[in-house]
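Some notes on the structure that comes next.
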Amino acid sequence: MGRTNDLAMPPGADPVTLSRYLNAAHDTFVASGRGDPALRGLVLESWRRSVRNGLDPEQVLAAIRLDDAALASIRDSHPLAAGMPVIRELLVESAADAGLLVAVSDAAGQLLWVEGDAALRGRAEAMHFLPGADWSESSVGTNAPGTALALDRPVQIFGPEHLARQVTPWSCSAAPIHDPDTGAILGVLDLTGGVEVVSPQSLSLVRATVAAVEAELRIERLSPPRRTSVTRHGRPAPALEVLGVHGATLRHDTTTTRLSLRHSEIILLLADSQDGLTTAELAVALNDDDQAPVTVRAELSRLRGVLGPVGLLSRPYRVDGGIVTDVAQVRDDLAAGRLRRAVARYRGPVLPASTAPGVERLRDELHMRVRSCLLASDDADALLSFADTDHGRDDFEIWERVLSILPPTSPRGAQVAGHVARLDDELG
């Protein structure tokens, strides 16, 4: 994060002199393909990548890939929607006052939000820097959001360091935003304007805002989820979180309880059963060797003491008034076609440490349902969000699907192709 060539303009540099040198280096590269060795390495490498993708620096214009309906749908379900209030408070308000723009892209390089100075937005729209446009590096050449996405690191691009001629009057600082649980790239935060946005302070501000957004996403997930289910007593139903954790978290009113693995298994199996479970059914679901009913009843008795106000009924065993699980929420999102929301909510397999047969069946069923929906989808952003996680990183079919639907302009194309080749080689 502290690389000196993250900075497009080192402290003490003269913007006019630097711009004159970069314009000359840009002209030479466009005319002959020769790169000045004094250029920043990340800029020259990006120019070369862009040209290899067939871009014409004099003619290229960002493609507008999302119409208003598609843009609204993606914004509604995108995980970064929850971070927009933080971005507006920390960056957009001051950017608008300073005559700058703030943009947020998805993991495929499509701009989802562009906010800030109204007059500057109008000028930026002339080069298609607007919501719905593809600003991946391979679509429009070297630019801070696209190159930050391609490299998965903060990037500044000063004026003529842009490859596309029409973008050279602009400068920008950008940094990727990652999922706080899985590490997957969710998108990029970008600050665009004049020479002032390539100062060290501007890049620090972008990084700090990214850190605040990732913290907000983490806090949101630790907070009790919004629930519409209520118990027969009129109170919100308790919520159980079991995805990607070794022990479940139970939330009820203002109380949060961490459960042991065995208690997590029991309460999950009961929550997932429509009509409850008998002692014998629970014994089979918990252990292939058929635990003695007396052992199961003893665990249920201990669980009652842990659950507190959450009632546990018997004959058959079930939760009084029901319980909301993150497993059920993922299923609901998938059934409603909210694929990005489902992927964001699916933070890992169900209780990965559990070897209880009933939990293993539930784990496999949910994982395969998520995968099936993704494999049938053309949503590159949702697929990449899953593929970048620990539970998707070695999934050959998922990565193959990503490669098959990525547009030729995708900044992730080379990386995805390389990953598919590596997995193919490992699988023989």
Side-chain angles (χ1 to χ4, degrees), residues 62-137 139-140 143-149 154-155 157 167 170-180 184-193 197 202-203 205-217 220 338-341 343-344 379-382 384-385 411:
I64 300 175
R65 303 195 182 281
L66 302 174
D67 60 21
D68 289 346
L71 179 63
S73 175
I74 290 174
R75 282 174 168 175
D76 180 62
S77 61
H78 202 280
L80 288 181
M84 285 306 298
V86 173
I87 292 171
R88 291 183 178 113
E89 181 178 353
L90 296 183
L91 200 57
V92 172
E93 292 178 9
S94 57
D97 292 340
L100 305 175
L101 297 179
V102 175
V104 177
S105 83
D106 66 12
Q110 299 171 126
L111 300 185
L112 301 182
W113 292 273
V114 178
E115 302 181 4
D117 182 76
L120 202 62
R121 282 206 313 272
R123 287 176 49 205
E125 287 176 2
M127 63 174 184
H128 287 190
F129 193 79
L130 75 172
D134 181 359
W135 274 76
S136 60
E137 184 185 77
S139 169
V140 73
N143 69 93
T147 304
L149 190 59
V155 167
I157 299 296
V167 191
W170 302 76
S171 296
C172 40
S173 292
I177 306 172
H178 296 89
D179 186 288
I185 300 174
L186 297 177
V188 170
L189 175 65
D190 169 75
L191 183 64
T192 286
V197 302
S202 293
L203 189 59
L205 181 57
V206 170
R207 285 172 165 166
T209 305
V210 165
V213 170
E214 292 172 350
E216 177 66 18
L217 296 179
E220 183 196 38
R338 298 186 295 265
L339 189 55
R340 294 183 186 211
R341 189 171 297 174
V343 170
D379 189 334
D381 186 61
L384 284 167
S385 294

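- I185 has its side chain out of reach of L384: every pair of non-hydrogen atoms, C-beta onward, lies at least 4.5 Å apart.
- Side-chain contact between T209 and I87 is present, with heavy atoms from C-beta onward closer than 4.5 Å.
- For the side chain to side chain donor-acceptor pair (under 3.5 Å) condition, the pairs that include at least one residue of residues 79-104, sequence neighbours left out, are R88-E115.
- The closest side-chain heavy-atom distance from R121 to L101 is below 4.5 Å.
- Within a 6.0 Å sphere centred on CG of D67, heavy atoms belonging to other residues, nucleotides or ligands number more than 12.
- In this structure, A81 and P85 approach most closely via the heavy-atom pair O-CD, 3.6 Å.
- At least one side-chain heavy atom of W170 sits under 4.5 Å from a side-chain heavy atom of L120.
- By the 4.5 Å heavy-atom criterion applied to side chains, V167 and W135 are counted as neighbours.
- Listed for the D134 side chain is no donor-acceptor partner under 3.5 Å among the backbone atoms of A62.
- In this structure a side-chain-to-backbone donor-acceptor pair under 3.5 Å is present from E214 to H178.
- S73 places no side-chain N or O within 3.5 Å of a backbone atom of A69 that could act as its donor or acceptor partner.
- Considering every non-hydrogen atom in both L71 and P131, the closest pair reads CD2-CB, 3.5 Å.
- Looking only at side-chain heavy atoms (C-beta outward), D117 and L100 stay at 4.5 Å or farther from each other.
- Counting only heavy atoms from C-beta outward, the side chains of D106 and R340 approach each other to under 4.5 Å.
- Looking only at side-chain heavy atoms (C-beta outward), I157 and N143 stay at 4.5 Å or farther from each other.
- Scanning for side chain to side chain contact (heavy atoms under 4.5 Å, CB included) contacts around A82 gives L217, E220, with sequence neighbours left out.
- Minimum heavy-atom separation, L149 to A108: CD2-C, 3.9 Å.
- Scanning both residues, A95 and V102, for their nearest heavy atoms gives CB-CG2, 3.7 Å.
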